[in-house]
Amino acid sequence: MKKEPIIKIENLKKSFGKNEVLNGFSMELYKGEHLVIMGKSGSGKSVMIKCLVGLMQPDSGVIEIMGKDIAYLNQIDLDDLRTEIGFLFQGSALYDSMTVRENLEFPLRKKPEKFKLKDRLVQEALENVGLLEAIDLMPVELSGGMKRRVALARALILQPKIIIYDEPTTGLDPITAKEIIELMRNIQQKYGTSALIITHDVDCARVISNRMILLIDGIDYAKGTFKELEASKDYKIKEFFK
Ligand SMILES: Nc1ncnc2c1ncn2[C@@H]1O[C@H](COP(=O)(O)OP(=O)(O)O)[C@@H](O)[C@H]1O
Ligand SMILES: [Mg+2]
């Protein structure tokens, strides 16, 4: 019997005017796996993620999350499904006017039964990223790496089944980037979370991926393990591993 994917995208298409960004992209994410999607800047990675979490409407295609076709969900069910997905936005996207603690409490507002436990959950989430001492600081007081850690803690606070990382290491120096990758690995080992990692960082892909998809020309141009893709003779694939 074939394993059911936790996320399934079939033939996703999205254009902006004449700009055909996604042109039939398909993918499957299985339970417990770390799937890396690599694509050049502007190739449609963020557009794909926005369609996936319902922030953008695709022109056509099917998106199923945990067996549910999101096109047929009402707002309440969609919001409910979204609480199963942790999202690390490109560039951290913390609320600048809130402390670290308030940033972390924010997603808990959607879940009253979790909100009651907020002190413990915030503490645990910050411990997971080694930043408990920053709990009362404002985002402006944090370094880029610390901001990314807080954003990661926020993505994890509802103990989601799926985490989506949009360019988790972009904009960080190499050492800080390595620390973030290490944290992502720890989280996978501790919670067995499934993750979709969007990146153009080859080192990140090498360390973190169980499997990869290359998003090229708006489609899932190539799929395989890092080693398989790295050994490819296709010039469009080789470009990524230079
Ligand atoms: N809301 C939008 N309106 C018009 N064009 C958009 C919009 N969002 C993204 N695009 C275009 O879609 C393409 C892919 O963008 P994006 O998914 O952000 O790329 P990346 O792979 O770097 O994440 C780009 O050409 C971008 O200009
Ligand atoms: Mg992007």
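Indexing begins at 1, ligand by ligand and atom by atom, following the structure's order. Since we're looking at a predicted model, the values are computed, not measured.
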(message) Could you check whether any side-chain N or O of Lys110 sits under 3.5 Å from a backbone N or O of Asp80, counting only pairs where one atom can act as donor and the other as acceptor?
(response) no
(request) Keeping the roles fixed (side chain from Lys14, backbone from Gln57), state whether a donor-acceptor pair exists under 3.5 Å. (result) yes
Considering only non-hydrogen protein atoms, determine which one is nearest to [atom] and report residue, atom name and distance to 0.1 Å.
| atom | value |
| --- | --- |
| atom 10 (N) of ligand 1 | Phe16 CE1, 3.5 Å |
| atom 12 (O) of ligand 1 | Val21 CG2, 3.3 Å |
| atom 18 (O) of ligand 1 | Ser46 CB, 3.6 Å |
| atom 20 (P) of ligand 1 | Gly42 N, 3.5 Å |

(request) Might you check, step by step, whether the distance between atom 26 (C) of ligand 1 and some protein heavy atom is under 4.0 Å? (result) no
(message) Restricting to under 2.8 Å, identify the protein N, O or S atoms around the Mg ion (ligand 2) as residue plus atom.
(response) Ser46 OG, Gln90 OE1
(request) Output the list of atoms in ligand 1 that are nearer than 4.0 Å to some heavy atom of Ser41, sorted by atom number. (result) 22 (O)
(message) Is it the case that over 12 heavy atoms from other parts of the model lie below 6.0 angstrom from the OH atom of Tyr235?
(response) no
(request) Verify the neighbour count for atom NZ of Lys223: are there more than 12 heavy atoms of other residues, nucleotides or ligands below 6.0 Å? (result) yes
(message) Is there a side-chain contact between Phe226 and Met38 in this structure, where contact means two heavy atoms from C-beta onward sitting under 4.5 Å apart?
(response) no
(message) A side-chain contact here means heavy atoms from C-beta on lying under 4.5 Å apart; do Thr83 and Lys114 qualify?
(response) no
(message) Through direct or indirect side-chain contacts below 4.5 angstrom among Ile, Leu, Val, Met, Phe, Trp and Tyr, which residues connect to Phe106?
(response) Tyr95, Met98
(request) Find the distance between OG (Ser194) and CG (Leu29) and round it off to the nearest 0.5 Å. (result) 5.5 Å
(message) Can you tell me how far apart CZ (Arg82) and CG (Leu73) are? Round to the nearest 0.5 Å.
(response) 10.0 Å
(message) Is the contact between Asn19 and ligand 1 made by the side chain, the backbone, both, or neither, using heavy atoms and a 4.0 Å cut-off?
(response) side chain
(request) Classify the contact between Lys40 and ligand 1 as side chain, backbone, both or neither, using a heavy-atom distance cut-off of under 4.0 Å. (result) backbone
(message) Please confirm whether Gly44 approaches ligand 1 to less than 4.0 Å, judged on its heavy atoms.
(response) yes
(message) Considering Val47, Thr170, Ile49 one by one, which has a heavy atom nearer to atom 17 (O) of ligand 1 than any of the others?
(response) Val47
(request) Is it possible for you to check whether Lys118 lies under 6.0 Å from the centre of the six-membered ring of Phe115, through NZ or CZ, and within 45° of that ring's axis? (result) yes
(request) Start with the C-alpha distance between Lys236 and Asp217, add both sets of side-chain angles, then the distance that settles salt bridge (charged side-chain N to carboxylate O under 4.0 Å, His left out), and finish with yes or no. (result) CA-CA 10 Å; Lys236 285 187 182 175; Asp217 301 336; 2.7 Å; yes
